[in-house]
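Quick note: residue numbers are just sequence positions, from 1. Nothing here was measured: the structure is a model prediction, and the numbers come from that model.
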Amino acid sequence: MAYDYEYFKKAVFDLTAINLNAYKQQQMKRRIDTLISKNGVKEYDKYLQLLKTDQARFEEFVNYLTINVSEFYRNPEQWHILDKEVIPELIGKFGKNLKIWSAACSTGDEPYSLVMALSRHLPLSQIKIVATDIDKQVIAKAKTGLYGEKSLAGVPDDLKQKYFTKIGPSYQISQEIKDRVEFKQHNLLKDDYPTDCHLIVCRNVLIYFTEEAKIEVYKKFARSLKSGGILFIGSTEQIIIYKEIGYERKNSFFYLKP
């Protein structure tokens, strides 16, 4: 079985460019085995054949593989720091045309939250977020901009009233917020990174990566930031060797490139 899974990982990389070696093996293998069983297949090679011949199954696999748990203003106390300290500091250093990257943006909750947070400091016309994710299905969902009530629990009331319209049990985010975000497909483990960023936000994603893959991504983020730029990570994460890879720590979840 171990040999079969090793073969499967190589075949998946050839098929999708997703490197399963970068994920914690026990956790990822369990997820994949569950999905294979759900599709009524018992062997890796037969499931691979299904992925190659059935586009719907292929997209289901990529969506299932890339763990998408997201919500607006997740961990509100951290967004409070972003609003009161980080954004004013960045505007003070770099002016109003900030280059911001929301990496592994999932269903769009995070980049849209960034636009709303920035709207307290800048006109919407001056805000632009580049948002990337490996999964084109979640990018499509993000572009639709329709969310359940639970996703909006952390949104400040004034912003919720201003930028969301209730449609049945769901909420549609306004077009003026959507217009400030450019979505692109991107693989953190393989593709080139943007350069000269003032703020990079990547939260609660790298916890699924191996330590080696995490460090490599954090190093690439450091190279992507301008001096004085900031990396904002998730509440489940920390960068132990931040000094060695080019950061100063502002507080638990914000790291500065000197």
Side-chain angles (χ1 to χ4, degrees), residues 12-13 16-24 27-28 31-32 59 61-75 78-79 82 86 99-117 128-145 147 151 154 173 178 180-195 197-225 229-239 242 245 247 253-255 257:
V12 165
F13 182 77
T16 67
I18 296 172
N19 182 6
L20 294 179
N21 286 318
Y23 294 83
K24 294 174 181 174
Q27 184 182 43
M28 186 54 76
R31 285 176 61 80
I32 289 168
E59 292 186 2
F61 174 68
V62 174
N63 188 45
Y64 189 79
L65 204 63
T66 53
I67 299 132
N68 298 302
V69 178
S70 191
E71 61 193 57
F72 287 87
Y73 280 78
R74 190 174 183 180
N75 311 115
Q78 295 166 27
W79 287 86
L82 183 78
V86 175
K99 184 172 182 180
I100 299 172
W101 177 23
S102 173
C105 68
S106 189
T107 51
D109 317 46
E110 183 177 275
Y112 291 144
S113 294
L114 282 167
V115 176
M116 289 188 287
K128 183 187 176 186
I129 311 289
V130 174
T132 64
D133 200 276
I134 195 171
D135 185 347
K136 68 180 182 182
Q137 284 188 311
V138 298
I139 290 174
K141 186 178 187 312
K143 288 179 177 178
T144 302
Y147 299 93
S151 292
I173 196 160
K178 288 167 67 175
R180 309 326 304 165
V181 181
E182 179 185 5
F183 289 99
K184 298 178 180 179
Q185 196 170 12
H186 181 271
N187 184 336
L188 282 172
L189 297 169
K190 171 180 150 299
D191 295 333
D192 292 337
Y193 282 30
T195 56
C197 296
H198 302 114
L199 174 65
I200 296 175
V201 182
C202 185
R203 309 182 70 234
N204 306 306
V205 174
L206 300 190
I207 51 169
Y208 302 105
F209 287 17
T210 63
E211 286 306 311
E212 295 78 10
K214 278 185 206 174
I215 290 168
E216 188 57 34
V217 170
Y218 286 137
K219 284 179 179 176
K220 288 181 178 179
F221 283 152
R223 291 195 288 271
S224 286
L225 287 166
I230 289 172
L231 172 66
F232 179 19
I233 66 172
S235 59
T236 55
E237 300 160 333
Q238 56 180 322
I239 309 176
Y242 62 90
I245 59 176
Y247 297 99
F253 311 107
F254 294 92
Y255 292 81
K257 179 178 177 178

Measure the spacing between [atom1] of [X] and [atom2] of [Y] and express it to the nearest 0.5 Å.
| X | Y | atom1 | atom2 | value |
| --- | --- | --- | --- | --- |
| Ile100 | Ile129 | CD1 | CD1 | 4.0 Å |
| Phe221 | Ile200 | CZ | CD1 | 6.0 Å |
| Asn187 | Asp135 | CG | CG | 11.5 Å |
| Asp133 | Ser106 | CG | OG | 6.0 Å |

Under the rule for side-chain hydrogen bond (donor to acceptor under 3.5 Å, both in side chains), what residues qualify as partners of [X], not counting sequence neighbours?
| X | answer |
| --- | --- |
| Thr132 | Trp101 |
| Ser102 | Glu110 |
| Thr144 | none |
| Asn75 | Arg203, Ser235 |

(message) Less than 4.5 Å apart, side chain to side chain, heavy atoms only: is that true for His198 and Ile230?
(response)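 His198 does not reach Ile230 side chain to side chain.
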(request) Determine whether Val181 and Pro111 make a side-chain contact, defined as any pair of heavy atoms from C-beta on separated by less than 4.5 Å. (result)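 Counting from C-beta outward, Val181 and Pro111 do come under 4.5 Å.
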Do you know which two heavy atoms are closest between [X] and [Y], and how far apart they sit?
| X | Y | result |
| --- | --- | --- |
| Lys214 | Phe209 | CE-O, 3.5 Å |
| Glu237 | Asn204 | OE2-N, 3.0 Å |
| Tyr193 | Leu188 | OH-O, 2.7 Å |
| Ser151 | Glu71 | O-CB, 3.7 Å |

Holding to salt bridge (charged side-chain N to carboxylate O under 4.0 Å, His left out), I want the full list of residues that pass it with [X], two or more places apart in sequence or in another chain.
| X | answer |
| --- | --- |
| Glu216 | Arg223 |
| Lys128 | Glu182 |
| Lys143 | none |

(request) Assess whether side chain to side chain contact (heavy atoms under 4.5 Å, CB included) is satisfied between Thr195 and Ser224, documenting all intermediate values. (result) CA-CA 4 Å; Thr195 56; Ser224 286; 5.7 Å; no
(message) Using side chain to side chain contact (heavy atoms under 4.5 Å, CB included), reason through Ile134 and Asp191 one step at a time and then give a plain yes or no.
(response) CA-CA 10 Å; Ile134 195 171; Asp191 295 333; over 6 Å; no
(request) Walk me through it: do Ile173 and Lys178 pass the test side chain to side chain contact (heavy atoms under 4.5 Å, CB included)? (result) CA-CA 7 Å; Ile173 196 160; Lys178 288 167 67 175; 3.6 Å; yes
(request) Output all residues satisfying side chain to side chain contact (heavy atoms under 4.5 Å, CB included) with Ile245, sequence neighbours left out; order by chain, then residue number. (result) Ile215, Tyr218, Lys219, Ile239, Ile241, Tyr247
(request) Check side chain to side chain contact (heavy atoms under 4.5 Å, CB included) between Lys257 and all other residues, then give those that pass, not counting sequence neighbours. (result)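 With sequence neighbours excluded, Lys257 shows a side chain to side chain contact (heavy atoms under 4.5 Å, CB included) to Leu225, given in chain and number order.
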Verify whether the ring centers belonging to [X] and [Y] lie closer than 6.0 Å.
| X | Y | answer |
| --- | --- | --- |
| Trp79 | Phe253 | no |
| Tyr112 | Phe183 | yes |
| Tyr147 | Phe72 | yes |

(message) I'd like to know if the side chain of Tyr73 and the backbone of Leu114 have a donor-acceptor N/O pair within less than 3.5 Å.
(response) no
(request) Go through Phe232 and Gln78 one step at a time and tell me if the side chain to side chain contact (heavy atoms under 4.5 Å, CB included) criterion holds. (result) CA-CA 9 Å; Phe232 179 19; Gln78 295 166 27; 3.8 Å; yes
